Amino acid sequence: MEIIQVVGIGLMSTILILVLKEQKPMFAFLLATATGILIFLFLIGKIGMILSTLERVAESSGMEMIYLKTVFKIIGISYIAEFGAQVVRDAGQESIASKIELAGKVLIMVLAVPIISIIIETVMKLLPA
């Protein structure tokens with residue numbers, strides 16, 4: 001049960017952070033950030049399994065891999081932007097966190113434009129002239 005390990009790491013870190021926060025707030029912030037990175041690294045293997053499974057399904061269905069890779073990039077941007085925004089929020093910088101989220105949304109739109117264009121072209125071809 002990996003979730004028990006993740007929750008255990010989270011709980012232990014939270015207790016340490018609460019103790020450190022009074023004496024050394026900077027160390028508490030660093031510990032919170034390191035814990036988030038540790039949990040993310042713990043999940044990398046699971047994420048890799050998901051990606052490989054989706055790639056196999058896409059290949060067997062005849063889907064072009066460029067679309068799937070674009071979707072993977074979009075998902076990656078959203079996770080990284082969310083993680084970065086949460087770390088910055090933990091440091092008390094809400095305005096910078098909002099800017100990170102905005103940047104993530106803009107980058108997602110940049111990647112999504114080709115897919116949206118293809119969808120629109122396909123729909124237009126299906127409509128009677």
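All of these numbers come straight from a predicted model, not from anything done at the bench. Nothing fancy with the numbering, it's 1 onward along the sequence. Side chains included, hydrogens not; waters and symmetry mates left out as well; all remaining heavy atoms used.
Both Ile17 and Met26 are members of a single hydrophobic cluster when ILVMFWY side chains are connected at heavy-atom separations under 4.5 Å. A single hydrophobic cluster is not seen to contain both Ile15 and Ile39; linkage of ILVMFWY side chains at heavy-atom distances under 4.5 Å, directly or through other members, places them apart. In the hydrophobic clustering of this structure, Ile108 does not group with Ile116; members are Ile, Leu, Val, Met, Phe, Trp, Tyr whose side-chain heavy atoms approach within less than 4.5 Å, directly or through other members. Linking ILVMFWY residues whenever their side-chain heavy atoms come closer than 4.5 Å, directly or via other members, places Leu54 and Met63 in the same cluster. Met65 and Leu51 end up in the same hydrophobic cluster when Ile, Leu, Val, Met, Phe, Trp and Tyr side chains are linked at under 4.5 Å.
Interatomic distance, CE of Met12 versus CG of Leu16, reported as 8.0 Å (0.5 Å rounding). Atoms CD and NZ, from Glu121 and Lys125 in turn, are 6.0 Å apart once rounded to the nearest 0.5 Å. Note that CG of Leu20 is 8.5 Å distant from CD of Gln23, once rounded to the nearest 0.5 Å. Separating the CD1 atom in Ile115 from the CD1 atom in Ile66 is a distance of 9.0 Å, to the nearest 0.5 Å. Taken to the nearest 0.5 Å, the CD atom of Glu94 stands 9.0 Å off from the NZ atom of Lys99. For the atom pair OG (Ser98) and CD (Gln93), the distance works out to 11.0 Å, reported to the nearest 0.5 Å.
Of all heavy-atom pairs spanning Ile118 and Tyr67, the tightest one is CD1-OH, 3.0 Å. Scanning both residues, Ala81 and Gly104, for their nearest heavy atoms gives CB-CA, 4.1 Å. When all heavy atoms of Ala97 and Ala85 are compared, the closest pair comes out as CB-O, 3.4 Å. Taking both residues in full, the closest heavy atoms of Phe29 and Ala91 are given as CE1-CB, 3.5 Å, listed atom of the first, atom of the second, then distance.
The main-chain N or O of Gly10 is never found under 3.5 Å from a side-chain atom of Ser13 such that the two would form a donor-acceptor pair.
Applying side chain to side chain contact (heavy atoms under 4.5 Å, CB included) to Thr33 and the options Leu30, Ile37, Thr35 leaves one that passes, Ile37.
Counting heavy atoms from C-beta outward, Phe27 and Lys21 have side chains that stay 4.5 Å or more apart. Considering only heavy atoms from C-beta on, Met124 comes within 4.5 Å of Leu127 through its side chain. Side chains of Ile47 and Phe40 form a contact here, defined as non-hydrogen atoms less than 4.5 Å apart.
Under the 4.5 angstrom side-chain criterion for Ile, Leu, Val, Met, Phe, Trp and Tyr, the cluster partners of Val88 are Ile96, Ile100.
Within a 6.0 Å sphere centred on CD1 of Ile44, heavy atoms belonging to other residues, nucleotides or ligands number more than 12. In this structure, Phe42 places its CZ atom where more than 12 heavy-atom neighbours from other residues, nucleotides or ligands lie under 6.0 Å away.
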| Would Glu82 and Arg89 satisfy salt bridge (charged side-chain N to carboxylate O under 4.0 Å, His left out), going step by step from the backbone distance to the final call? | CA-CA 10 Å; Glu82 176 67 20; Arg89 259 190 204 96; 5.2 Å; no

